[in-house]
Protein chains: 2
Amino acid sequence: MRILIADDDPQMVRALRITLGARGYDVVVAEDGRGALDQAIATHPDLVVLDLGMPGLTGLEVIEALRGWTDVPILVVSGRTESWDKVEALDAGADDYVTKPFSADELLARVRALSRRATPAPDEPVVEFGDVAVDLAARLASRAGSPVRLTPTEWRILEVLLRHPDRLVTREILLTEVWGPQYTSDTGYLRLYLSQLRKKLEPDPSNPRYLLTEAGMGYRFVPDR
Amino acid sequence: MRILIADDDPQMVRALRITLGARGYDVVVAEDGRGALDQAIATHPDLVVLDLGMPGLTGLEVIEALRGWTDVPILVVSGRTESWDKVEALDAGADDYVTKPFSADELLARVRALSRRATPAPDEPVVEFGDVAVDLAARLASRAGSPVRLTPTEWRILEVLLRHPDRLVTREILLTEVWGPQYTSDTGYLRLYLSQLRKKLEPDPSNPRYLLTEAGMGYRFVPDR
DNA sequence: CTCGGGCGTGAGGATTTCGTGAGGACCGGG
DNA sequence: CCCGGTCCTCACGAAATCCTCACGCCCGAG
């Protein structure tokens, strides 16, 4: 049972780490929004304890980005007590909202309640298409048996596409997931990285069969039938 | 979406009934512990809002009794703010715990968060007519099984029409949705794109059966039957 | 019958979007 | 300091899409 703590206050992090660690939870820490997303992708936690007041991305943006690809329970911890803040966070996809200060016992009970509800993470099967195999959890890609190196950015894009087989993923969603919501008009990035991914994964990169472009809209991963 | 309110305070019941009823929830009420269990069995609510301080059975007993046979989300509402009370309720099987007083907005947001967990977001149904199937969410259209390629503008128009089956959609609405409010007199665009859509989707494009024109008014999508 | 308005549709040209190569900025490790 | 790897900028030809324009049809009014 792994818990990601996303909080920039060292004292809070320390307290949470001790509280949760003592209960046998495996604790991972991130200190800003981007780090939280990176850690979430890298470690696939079973629950996220998220402080809203971090530098970088806003808490809301982190919630939305997470919800783009995972159903992991999100417990928001915040100093803001206004009901509007709670409504925003919950509607963005958070599962619970606790205001500081709070007791360790209460937090633990809420963590237990959330993990009880959580759908047991189905082990992600390896995605295969053509002579390529991609293990998202292990961050391992291979082609005709031999490993293929992908850069971090390539992984992020590929992951979003592979998690929505047959669905069109809009340029906006991809850009938001990978670079953040303020980059939604930099479509050139996508062209560049899709080109790279095809070069590494497609049988005939100039005639893509799996990673398709829909002009003016976005991209689509089409698995073999 | 049916919600069971278990509370013995008539004023609170009244407030909750109004708040929830106005949002379209179907509200059922019980005023003591036994009544709550009876109502739960009788009406099978999709969510329970439970006051801990009811006469008869204690709140904890109600939670445990419910958990004996149902996974319905339980949102506890209580005047008791001690963390011990929260821990007890949550560990007994409650999913959330809100202390009085609370704002209606917050309660509603928590209700939404809980029901979201209970029933994973329902996928939009696929719209079918003739030998055509359209999945708006996935941006996937097919005809007799093989995919049909639509341009972004075609998608936007089709989406508006398909979301209002059997209803007349005025040219003004269509133009505003797709090109913006300043294009409401460029009706030529609609003729052009409707023609394209029919060519791609209608069995006999020159005798439309699903995407009908209402001269001088607008267009109408008529599903089978 | 004639006429005119609204509609459908084909044919390009205008515009936007894509794919891709080349190369510079940045960074952490030897 | 150099170096490999990664990310990003820039540029340009190709492709897809959008829009303009022209023409013909249908149908009701006069």
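In what follows, every chain begins at residue 1, and chains take the letters A, B, ... in the order their sequences are listed. Here the structure is a predicted model, which is why all the values come from computation and not from measurement.
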**Q.** Where A:Ala104 and A:Thr19 come nearest, the two heavy atoms and their spacing
**A.** CB-CG2, 3.8 Å
Q) Rounded to the Å, how far apart are A:Leu190 CG and C:dT17 P? A) 13 Å
Q) Is there a side-chain polar atom (N or O) of A:Thr213 under 4.0 Å from OP1 or OP2 of C:dG19? A) yes
Q.
By nearest atom, which of the nucleotides C:dG8, D:dC8, C:dC7 is closest to the A:Tyr193 side chain?
A. D:dC8
Q) Between C:dG6 atom P and B:Met217 atom CE, what is the distance in whole Å? A) 14 Å
Q. Between B:Tyr97 and B:Asp85, does a side chain to side chain donor-acceptor pair (under 3.5 Å) hold up when you go through it step by step?
A. CA-CA 9 Å; B:Tyr97 189 110; B:Asp85 296 305; 4.9 Å; no
Q: Could you tell me whether A:Arg14 atom CZ has more than 12 heavy atoms of other residues or ligands within 6.0 Å of it?
A: no
Q.
Please report the distance, rounded to the nearest Å, between CD in A:Glu154 and P in D:dT6.
A. 8 Å
Q. Is the distance from OP1 or OP2 of C:dG8 to the nearest side-chain N or O of B:Lys199 less than 4.0 Å?
A. no
Q) Should A:Lys86 and B:Asp105 be marked as a salt bridge (charged side-chain N to carboxylate O under 4.0 Å, His left out) after you check the CA-CA gap, both sets of side-chain angles, and the distance that decides it? A) CA-CA 9 Å; A:Lys86 302 182 188 179; B:Asp105 285 340; over 6 Å; no
Q: Round to a whole Å and report the spacing from CG of B:Leu174 to P of C:dC7.
A: 12 Å
Q. Taking the side chain of A:Pro152 as its heavy atoms from C-beta onward, which of D:dT17, D:dT6, C:dG8 lies nearest to it?
A. D:dT6
(Q) So, does A:Arg191 get its side chain near the phosphate of D:dC8, meaning an N or O under 4.0 Å from OP1 or OP2? (A) no
(Q) Under 4.0 Å, counting only non-hydrogen atoms across every strand here, what does B:Ser206 touch: a base, just sugar-phosphate, or nothing? (A) sugar-phosphate
Q: Figure out the CG/P separation between A:Asn207 and D:dA15, and round it to whole Å.
A: 10 Å
**Q.** B:Arg198 vs C:dG8: side-chain N/O to OP1/OP2 distance below 4.0 Å
**A.** yes
(Q) Once you apply a heavy-atom cut-off of 4.0 Å, does A:Tyr183 come out as touching a base, just sugar-phosphate, or nothing? (A) nothing
Q) From D:dG5, C:dT20, D:dC7, pick the nucleotide closest to the side chain of A:Arg149? A) D:dG5
Q | Closest to side chain of A:Thr153, choosing from D:dC7, C:dC18, C:dG10 | A | D:dC7
**Q.** Verdict with reasoning, B:Thr213 to B:Arg198, per side chain to side chain donor-acceptor pair (under 3.5 Å)
**A.** CA-CA 11 Å; B:Thr213 300; B:Arg198 284 170 181 150; 2.6 Å; yes
Q) Taking the side chain of A:Leu192 as heavy atoms from C-beta outward, which of C:dG8, C:dT20, D:dT20 is closest to it? A) C:dT20
(Q) Distance check needed: C:dC18 C1' versus A:Tyr219 OH, whole Å only. (A) 7 Å
Q) Taking only side-chain nitrogens and oxygens of A:Thr151, does any of them come within less than 4.0 Å of OP1 or OP2 of D:dT6? A) no
Q. Do the ring centers of A:Trp179 and A:Tyr193 come within less than 6.0 Å of each other?
A. yes
Q | Value in whole Å for how far the P atom of D:dC7 lies from CG of A:Asp186 | A | 15 Å
Q.
If you only use heavy atoms from C-beta on, which nucleotide in C:dC18, D:dC18, D:dC19 is closest to the side chain of B:Trp179?
A. D:dC19
Q. Which part of the nucleic acid, if any, lies within reach of A:Leu194 when heavy atoms closer than 4.0 Å are counted: base, sugar-phosphate only, or nothing?
A. nothing
Q: Round to a whole Å and report the spacing from OH of B:Tyr189 to P of C:dA14.
A: 16 Å
